[in-house]
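Below is one structure, written out as structure tokens; the observations come after it.
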Amino acid sequence: MSKIKLDDRLSAVASLVRNGKRVADIGTDHGYLVAYLVENGICPCGIAADLRKGPLENARQTVIQQGLSGKIELILSDGLEKIPETACDDIVIAGMGGNLIAEILEKAPWVKDENIHIIAQPMTHAEVLRQWFIDNGFEINQEKTATDGKRYYCIISAGYTGVKEKHCASYTYTGEIRPESETDIKYLNKILTALTKKFDALMSANKEDNDNLKVIIDEIKTLLGE
């Protein structure tokens, strides 16, 4: 039996899970992430949860194959609905849209706990998720970027403080990402390109109230040293 190996995206997600903490992987699919974390001693135990029976059965097979049946619990759950509030310390929600991740968290007010750590990897609309964190008193303490082919993603690490912090206009788009690696730079440039196209389209259509979007674009350009 060989140990599980993760791709770049899931490796980046795994790197933000705290050592020694119980983890719940929401939308687990094949269960590779939670199996990797437990198998490598990063987490003592974990929960693999999914909305659908098919992916959860795939996760069950992974757990059995890796000899982790006594350490990973499988739960059929719509988001965090069936996850016991005291069963995990770190919550991973990866591979979903930012809107959906925000909805899942919104339906589980018990995540507003200073002892709980959330690791989220939105496939789209990361700005919506960052805004949810800000509006609900969470601090984004770290972010990483990862690539999967030609696509670039961010991974957000956040914890509840109860304080609604104020940030610059571009923060929901850039978060804690800084141009420190090639992947960081490409991710930020992807955001900049998309916002610039949106701005140009609005200008062409003579739409008003573009000042805030222009500020965001300029702030991202400054961050990139342009």
Check: [X] side chain, [Y] main-chain N or O, donor-acceptor pair, under 3.5 Å:
X: E219; Y: S170; result: yes
X: E143; Y: E176; result: yes
X: S77; Y: K82; result: yes
X: E39; Y: I4; result: yes
X: D89; Y: R22; result: yes
X: N40; Y: I42; result: no

Rounded at 0.5 Å granularity, tell me how far [atom1] in [X] sits from [atom2] in [Y].
X: I75; Y: I83; atom1: CD1; atom2: CD1; result: 4.0 Å
X: F199; Y: D211; atom1: CZ; atom2: CG; result: 8.0 Å
X: H117; Y: Q142; atom1: NE2; atom2: CD; result: 7.5 Å

Whether over 12 other heavy atoms sit under 6.0 Å from [X] [atom1]:
X: K190; atom1: NZ; answer: yes
X: R18; atom1: CZ; answer: yes
X: E182; atom1: CD; answer: no

Derivation and outcome, side-chain hydrogen bond (donor to acceptor under 3.5 Å, both in side chains), residues E57 and Q61: CA-CA 6 Å; E57 183 57 34; Q61 294 305 314; 2.9 Å; yes
Step-by-step side-chain hydrogen bond (donor to acceptor under 3.5 Å, both in side chains) determination, D50 to T28: CA-CA 6 Å; D50 208 285; T28 194; over 6 Å; no
Step-by-step side-chain hydrogen bond (donor to acceptor under 3.5 Å, both in side chains) determination, E139 to Y160: CA-CA 6 Å; E139 177 187 11; Y160 183 72; over 6 Å; no
Exercise: identify the closest heavy-atom pair between A146 and I155: CB-CD1, 3.9 Å
Hydrophobic cluster membership, I156 vs L105, 4.5 Å side-chain cutoff: yes
Intermediate values then yes/no, side-chain hydrogen bond (donor to acceptor under 3.5 Å, both in side chains), D8 and T147: CA-CA 7 Å; D8 289 345; T147 182; over 6 Å; no
